[in-house]
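On a predicted model such as this, the values are computed, not experimentally measured, just so you know.
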Amino acid sequence: MSFSTPKTITILGATGSVGLSTLDLVRRNPDQFKIVALTANSNVQLLAKLAVEFDAELAVIGDANKFSELKDALAGKPIKAAAGEGALVEAAQADASIVMAAIVGAAGLRPTLAGIRRGATIALANKECLVCAGELMIEEAQNSGATILPVDSEHNAIFQVFDFNADRSVEKIILTASGGPFWNKRSDCLKDVTPAEAVKHPNWDMGRKISVDSATMMNKGLEVIEAFHLFPVRADQIEVLVHPQSVVHSMVQYIDGSVLAQLGSPDMRTPIAYAISWPNRLNAPVERLSLADIGQLTFAKPDFDRFPCLQQAMDALKNGGSAPIVLNAANEVAVEAFLAERIGFKDISSVVHSALTKLDMKAPHSLSMVFEMDREARAVAKAIVAKISI
Ligand code: NDP
């Protein structure tokens, strides 16, 4: 299907895994999309190359120290260069009908909000910002008329099969989880796993932070919180089911016993295509699913003992207040320390646990409180990491 005028699109986090998959779809469908702005954090050369290839109007580098390098790389091109946190917000404010929110971590919150506040369609990959400020973000979207479309494969799957006209007939949402690279590892072997092993996901090719989150299963915990904010269900209506093949991307169970699922090959270009072309569908160059070749799909209950992060996130949702903010901030700090080989794999959940017990859990009433609590939680988590660093 082709549209009369191309949809304009800004990609926050263009140089990352989701950003590049989005650009791959744009590259293959040049008549349907026009890039307005692209952003990155520090990868100036790739950002400049993409901005030139896609004829962007604006290229923004988050790290202000890299501004002159970006300007040099774009010299003589009709592309505006900008740098710093404020410029990331400007990129989201630029006049594009779709903002792909694919910055990793809570760093994506301000720019994503800027897109929401001007009523754009937000293709939301950045789950951490919903975890930190879900209620406030949804409220802002209701005020501005922004549409939030989930990119995360599980939420995108639910979005495809959830009957929003009859939400009372939904009994539960079943989020599937691959179990990550260590699903079959014994608990006592987990303490020695290396960052290289943790980022090697069996099914998905993703950025380093989300890959570690998948290995600890914190990713699924963050997704439970994300689902709570995106869909009209209670926390106790969200269930996690381990499905190592990553073919069934999630399911919705209805009161008549029907279970509707979305299936597909594990390739982010399918959910991204759905988010950026909704309510239409876009031809995506993904491997077609052959269930006969796969033969067997298996399912299991999650193991909360071996993967405590999942339970920590579910508890944070139940406890509310600032618990999800602290959980997310402490996890970001711990994952970074693990990737830098300063703490072990099992320390990630210990850092999160200690941060959650050390901080006051009052509810944030404003975005400035969210940022303040996030800052405080990071400081506490860094101090915990410093104590246990190896
Ligand atoms: P990557 O690490 O691959 O990419 C992250 C992007 O964000 C890069 O463009 C990076 O720039 C930029 N970035 C990083 N830190 C900052 C910062 N402080 N300020 C501004 N920009 C920053 O991540 P993914 O693409 O894997 O994930 C992006 C988001 O999407 C995450 O929230 C993740 O949980 C979610 N997601 C990802 C999936 C996947 O398959 N990868 C699936 C579902 C959800 P630079 O390259 O310069 O560092």
Side-chain angles (χ1 to χ4, degrees), residues 16-18 104-105 127-128 131 152-154 174-227 238-250 265-268 294 296-317 327-328 330-356 381 384-385 388-390:
S17 164
V18 171
V104 62
K127 65 191 81 183
E128 294 91 344
V131 170
D152 221 343
S153 59
E154 295 77 0
I174 303 164
L175 284 177
T176 52
S178 67
F182 308 137
W183 177 243
N184 292 317
K185 254 193 190 315
R186 285 200 332 258
S187 179
D188 55 329
C189 302
L190 285 177
K191 67 180 192 328
D192 299 321
V193 302
T194 65
E197 290 169 324
V199 298
K200 225 181 191 172
H201 196 278
N203 307 331
W204 297 95
D205 183 12
M206 308 184 288
R208 284 162 67 78
K209 191 261 176 183
I210 185 177
S211 297
V212 175
D213 285 348
S214 294
T216 60
M217 291 197 73
M218 178 60 91
N219 183 49
K220 207 50 53 183
L222 299 178
E223 286 179 9
V224 168
I225 302 175
E226 185 185 8
I238 308 171
E239 198 174 284
V240 172
L241 182 66
V242 176
H243 165 47
Q245 296 82 15
S246 301
V247 166
V248 177
H249 295 307
S250 278
S265 296
D267 187 324
M268 280 305 291
I294 294 167
Q296 268 194 331
L297 297 179
T298 58
F299 300 92
K301 288 191 172 146
D303 182 337
F304 293 102
D305 293 333
R306 271 188 310 145
F307 301 100
C309 289
L310 175 57
Q311 188 68 59
Q312 287 173 331
M314 292 171 91
D315 289 346
L317 174 60
L327 172 101
N328 180 68
N331 181 57
E332 285 191 32
V333 168
V335 169
E336 200 181 313
F338 168 69
L339 285 168
E341 298 188 25
R342 288 170 43 226
I343 63 171
F345 183 75
K346 286 185 126 184
D347 294 329
I348 296 174
S349 59
S350 309
V351 171
V352 172
H353 174 77
S354 300
L356 281 165
I384 299 165
V385 164
I388 57 173
S389 276
I390 45 178

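- When each of Val335, Ile348, Leu327 is checked for a side-chain contact (heavy atoms from CB on, under 4.5 Å) with Met218, only Leu327 meets the rule.
- Rounding to the nearest 0.5 angstrom, the gap separating the CG atom in Asp152 from the CD1 atom in Ile210 is 6.0 Å.
- For the side-chain contact (heavy atoms from CB on, under 4.5 Å) test with Lys127, the passing option among Asn219, Val104, Asp213, Ile225 is Asn219; the others fail.
- Lys346 and Ser187 share a donor-acceptor pair across their side chains, judged by distance under 3.5 Å alone.
- Looking only at distances, a side-chain donor or acceptor of Arg306 sits under 3.5 Å from a matching main-chain atom of Trp183.
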Worksheet item: Should Met206 and Met268 be marked as a side-chain contact (heavy atoms from CB on, under 4.5 Å) after you check the CA-CA gap, both sets of side-chain angles, and the distance that decides it?
Response: CA-CA 9 Å; Met206 308 184 288; Met268 280 305 291; 5.7 Å; no

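- Other residues, nucleotides and ligands contribute over 12 non-hydrogen atoms within 6.0 Å of the CG atom of Asp303.
- Across every non-hydrogen atom of Val240 and Pro302, the tightest pair is O-CD, 3.3 Å.
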Practice prompt. Test side-chain contact (heavy atoms from CB on, under 4.5 Å) on His201 and Ser178 and set out the steps.
Written response: CA-CA 9 Å; His201 196 278; Ser178 67; 3.0 Å; yes

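- Atom CD of Gln311 is surrounded by more than 12 heavy atoms from other residues, nucleotides or ligands within 6.0 Å.
- Side-chain contact annotation: Gln245 with Thr298, donor-acceptor N/O pair under 3.5 Å present.
- Not one N or O on the side chain of Thr176 forms a donor-acceptor pair closer than 3.5 Å with the backbone of Val242.
- The CH2 atom of Trp204 lies 6.0 Å from the OG atom of Ser246; values are rounded to the nearest 0.5 Å.
- In this structure, CZ on Phe182 lies 11.5 Å from CG on Asn184, to the nearest 0.5 angstrom.
- To the nearest 0.5 Å, the span separating CZ on Arg208 from OG on Ser17 amounts to 13.0 Å.
- Expressed to the nearest 0.5 Å, how far OG1 of Thr216 lies from CG of Leu310 amounts to 9.0 Å.
- Ring geometry, Phe338 versus Phe345: the interplanar angle exceeds 60°, so the pair is classed perpendicular (tilted spans 30 to 60°).
- Here the shortest heavy-atom pairing between His249 and Pro266 reads CE1-CA, 4.2 Å.
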Worksheet entry | Step-by-step salt bridge (charged side-chain N to carboxylate O under 4.0 Å, His left out) determination, Glu197 to Lys200 | CA-CA 5 Å; Glu197 290 169 324; Lys200 225 181 191 172; over 6 Å; no

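- Taking every heavy atom of both residues into account, Val351 and Ala330 meet most closely at CG1-O, 4.1 Å.
- Note that NZ of Lys209 and CD of Glu128 are 3.5 Å apart. Values are rounded to the nearest 0.5 Å.
- The nearest pair of heavy atoms linking Ile238 to Val224 is CD1-O, 3.6 Å.
- Smallest separation of non-hydrogen atoms from Pro308 and Ser349: CG-OG, 3.6 Å.
- Partner of Asp347 under the side-chain contact (heavy atoms from CB on, under 4.5 Å) criterion, out of Ile388, Val352, Ile384: Ile388 alone.
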